[in-house]
Amino acid sequence: MTEPTDDRNAGLPNDFAATIYRLAINYCVDVPSEVSGALPARSHIPVQATANSHRFRMTLVPRGGGNHRLFLNGDVRARAGVGEGDDVGG
């Protein structure tokens with residue numbers, strides 16, 4: 001689902017599937033532990049994400065415990081034709 005945009009992160013695991021869920025007013029997916037574990041734990045990481053064959057430049061954000069989250073704004077969800085409960089990536 002994601003590909004690092006920074007060469008320093010090249011070669012890190014990046015393909016995963018996740019289910020979109022709502023967190024307050026935001027929609028997001030959690031990055032699996034095995035992917036997050038290979039990334040810097042306390043930093044925002046620019047990536048190119050793909051959802052339903054649409055590519056987007058986005059940022060992984062730390063969510064605690066060494067894990068990351070990817071927020072999907074309304075434009076991204078609309079262009080990819082996805083919403084809460086949909087599976088993306090993989």
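Keep in mind the model is a prediction, meaning the values are calculated, not measured.
Summarising the geometry of A80 relative to A51, their closest heavy-atom pair is CB-O, 3.5 Å, with the distance given to 0.1 Å. For the pair I20 and V82, the tightest heavy-atom approach, listed with the atom from each and the gap, is CD1-CG2, 3.5 Å. Closest approach of S36 to G66, counting heavy atoms only: CB-O, 3.4 Å. The minimum heavy-atom distance linking N52 with G81 is given by the pair ND2-O, 4.2 Å.
Between T50 atom OG1 and M58 atom CE the span is 10.5 Å, to the nearest 0.5 Å. To the nearest 0.5 Å, atom CZ of residue F71 and atom CG of residue L60 are 11.0 Å apart. For the atom pair CG (N67) and CG (L39), the distance works out to 10.0 Å, reported to the nearest 0.5 Å. L70 CG to F56 CZ: the interatomic distance, rounded to the nearest 0.5 Å, is 10.5 Å.
Applying the salt bridge (charged side-chain N to carboxylate O under 4.0 Å, His left out) test to every pair with at least one member in residues 62-73, sequence neighbours left out, gives these pairs: D30-R63, D30-R69. For residues 77-86, the salt bridge (charged side-chain N to carboxylate O under 4.0 Å, His left out) pairs, not counting sequence neighbours, are D75-R79.
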